[in-house]
Amino acid sequence: MEVTMSSAEVLDEIRRLNSSGSNLSKKFIKKANPHLMRSALHYFPDWDSAIERSVSS
């Protein structure tokens, strides 16, 4: 599994998508932005944890 983003870039991208009102469901991101999903799952236990971390930091 190739990781193309740092953990900070993952969180920044999730924040950007969230602020623009994008769909953040795991199914949608996996299809629309697979490199983000792969990178997020490399750094975080699951997609929901990545979203929670992006909101709390």
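In this structure, Thr4 and Ser39 approach most closely via the heavy-atom pair N-OG, 3.4 Å. Scanning both residues, Met5 and Glu9, for their nearest heavy atoms gives CA-OE1, 3.2 Å.
Remark: Asp46 engages no residue in a salt bridge (Lys or Arg N to Asp or Glu O under 4.0 Å) (not counting sequence neighbours). Looking at residues two or more places apart in sequence or on another chain, you find a side chain to side chain contact (heavy atoms under 4.5 Å, CB included) between Lys30 and Met37. Applying the salt bridge (Lys or Arg N to Asp or Glu O under 4.0 Å) criterion to Arg16, with sequence neighbours excluded, gives Glu13. Taking the side-chain hydrogen bond (donor to acceptor under 3.5 Å, both in side chains) definition, one finds that Ser20 meets it with Ser22, sequence neighbours left out. Partners of Ser7 by side-chain hydrogen bond (donor to acceptor under 3.5 Å, both in side chains), not counting sequence neighbours: none found. Residues satisfying the side-chain hydrogen bond (donor to acceptor under 3.5 Å, both in side chains) criterion with Asn18, sequence neighbours excluded, are absent altogether.
A donor-acceptor contact shorter than 3.5 Å links the side chain of Trp47 to the backbone of Leu24.
For the atom pair Lys26 NZ and Leu41 CG, the distance stands at 6.0 Å (nearest 0.5 Å). Taken from CD1 in Ile14 to CZ in Phe44, the straight-line distance is 6.5 Å, to the nearest 0.5 Å. Note that OG of Ser6 is 7.5 Å distant from CG of Asp12, once rounded to the nearest 0.5 Å. Rounding to the nearest 0.5 Å places CG of Leu17 at 10.0 Å from CG of Asn23.
Between Val3 and Tyr43, some side-chain heavy-atom pair lies under the 4.5 Å cut-off.
For residues 48-57, there are no salt bridge (Lys or Arg N to Asp or Glu O under 4.0 Å) pairs, not counting sequence neighbours.
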